[in-house]
Amino acid sequence: MNCPEIQDLLSPWLDGELSPDEREQVVEHLSGCQHCTQTLSRLQGLDASLRSQLAPQPEQLARLAERLAGALGATSTRAVTPSRTARFKGWPAVAAAALVLGVVLVPAFQWDGDWGANPGFKAITGNPQFEPLSIAQLVHVVGSVSIREPAAADWWTLPAGSPGALEFAAGTHVRTAAGGLCEVVTTCGNRLRLNESTEVALVSTTDVELVTGVVWCRAPSDCRVDMRPPPAAADALANSPEAKSPLPQFICPADTSCVTTSNEGSPWEILAADGMLEIVEAGATRPLNEGEVYRVDHSGLSSQSPVGNSLTAASWMLPLLALKPPGNAELEDWVARLVAQLGETKISYLSENQLRQLGPAGAEPLVRYVERGPAPEDHDRRRRAMMILRDVAPASMTGRMIVLLKDADPAVRVAAAQALRRLHQEDFGVTASQWEAGGPEIEAAIQKWREWESQRARSAVE
Amino acid sequence: MTDAELVQAARQGCPASREQLARRWSRCALAFCLSRVRRADPAEDLAQESLIRALQHLDALEDVHKFGPWLRGICIRVCQDWQRRRSREDRALEQVSENGREKSPLQTLTDFEDRERLRQALETLPEEQREVIWLHYFERRSYDEMAQLLDVARSTVNSRLAAARRSLLQTLSVSVENSP
């Protein structure tokens, strides 16, 4: 290529818009052409100037976003933010343009001839971010879901099959119909899933009012969910002669999830939780331990009891999890927990003989159950499961048996070592009593088992 | 959601979809208006007016997949109307303001020492070249996106942007030579 041809490519070259072949030709030419290199250098200087001087300023975008929010909101209840130019009284033509905007486009607003003095003219306040309206996003929908904009009276139903990624303003209500489910993620990462016939109000990124139905929520490591009944329920209780105390609220702290319901019998009730929730009662906060549930009735009386299974309480979420891309860790974890629960059910309700008769095919739920770790007062069942695995675990579970060699329960360690000896005729010279006692010998043996496993994996690949 | 899905939902009365369209396109509308009226204050007003007008008349959009090009058409008409409406007095006022009372878009953007020369150089460009400059530097649009928005070939976007840069370099080098 000659210089004029190369110079035609310098502009798209700066923008990264050339094909690999063209890029190569430009680079090759530049390496031997001082004239084109100088042109490129000047273009780069111009590019840097334009880049710095034409870049949008955040406050400029925030101002426009705020004004748009005001103008759009004015069609429901809010008044429009006046255009900055329109406030400049000495500019009649622009004021006229703004008048056209105000009268034609925002019929709720009436101009009285004086922009500054109009009493109905309220500036939209709030943090001027680029997207001041958005506090949450709808990410998954199953069936029929409706939304109600802040301060609006009407509900609007999403079209059937509507995908997610719809953004919500603070104060939006979301409602699922019978058979409907949806998932909402707030800007701080809180995840809410609504069961059918459920309604919530998204007050802010962290505050949620549960109006009715069943909601699962999870807070990420740097946020939390404050769940409370709608103000109407709290007010009704405050004015009720039977009221015993202010209506408690609860907090789902970071890295915690829970399932909550609100129904005719209770303004809210925690059905299950993974992690320790915080209950706010009469101004004081106290923890609710994992595995406990909590209920408030309409007179404000609360009760606490040690039940609640998050798998059962949130099993309605499975259609939402199935919408996620393959390989999602949450679904895999869910399946693992379900299988573990199946193992727990089997060990609780089937006789040992029946379980042994299932052979290796029945081992998966049992090993999942054992891997879940010991629950309080559950040692006996877990040990019984491990005794069966000792005799039926297939060779494909070798790695998992090696992991169980480190279990806190001595009986589980012994059974795992015995399963490995049965499968591979190897014990590395460690006796059952040594596995039971723990100590340095078993650490060395576990290391040997790991090396043995790695070696076996390498051999399989070769 | 795609623009087409948002448009369809907004047509059915979904306010959230309407607001999302406004958020998604506000910056681009501002770029269209800045490239035409060259002054930040009216450009913001006109971008707002264009977007609101578009959202109020979504039924007039024939191809829901072309919200961007359609919005551009509205921005152009709104800017042209605004320019026509300006009376001589307004122009005189603007002349006064340009001498110090009001700010140009570039002046509001940065305090770069060459901004005035760059502003003047930009104003010498034909409108279609100025438009790709604003879309590229203000809105960070790729060539393909600009081609789609402007309803022209990608090669046309390339040639407009290259021509704009050549003109700017030439104008600025003359300006530097003439500066004291």
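In what follows, chains carry the letters A, B, and so on, assigned in the order in which the sequence lines appear, proteins first and then strands, with residues in each chain numbered from 1.
Of the two parts of Leu51(B), only the side chain, counted from C-beta on, holds a non-hydrogen atom closer than 4.5 Å to a non-hydrogen atom of chain A. Using a 4.5 Å cut-off between heavy atoms, Leu55(B) contacts chain A through its side chain alone, with no backbone atom that close. In this structure, chain B has no heavy atom under 4.5 Å from any part of Asp154(A). Both the backbone and the side chain of Leu50(A) come within contact range of chain B, with heavy atoms under 4.5 Å apart. In this structure, chain B has heavy atoms under 4.5 Å from both the backbone and the side chain of Leu43(A). Looking at Ser142(B), both its backbone and its side chain come within 4.5 Å of chain A, counting heavy atoms on both sides.
Using a 4.5 Å cut-off on side-chain heavy atoms (C-beta onward), Phe32(B) and Ile74(B) make no contact. Using a 4.5 Å heavy-atom threshold, the side chains of Met146(B) and His136(B) count as touching.
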Inset, instruction - Decide yes or no on side-chain contact (heavy atoms from CB on, under 4.5 Å) for Arg140(B) and Arg27(B), but give the supporting numbers first. - result: CA-CA 10 Å; Arg140(B) 306 303 304 159; Arg27(B) 185 162 151 167; 3.9 Å; yes

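Nearest heavy-atom pair, Ala16(B) versus Ile147(A), reported as atom, atom and distance to 0.1 Å: CB-CD1, 3.9 Å. The minimum heavy-atom distance linking Ser11(A) with Tyr143(B) is given by the pair O-OH, 3.7 Å.
Chain B forms the most heavy-atom pairs under 4.5 Å with one residue out of Gln7(A), Glu17(A), Arg42(A), Arg51(A), and that residue is Glu17(A).
Partner of Arg53(B) under the side chain to side chain donor-acceptor pair (under 3.5 Å) criterion, out of Glu49(B), His57(B), Gln56(B): Glu49(B) alone.
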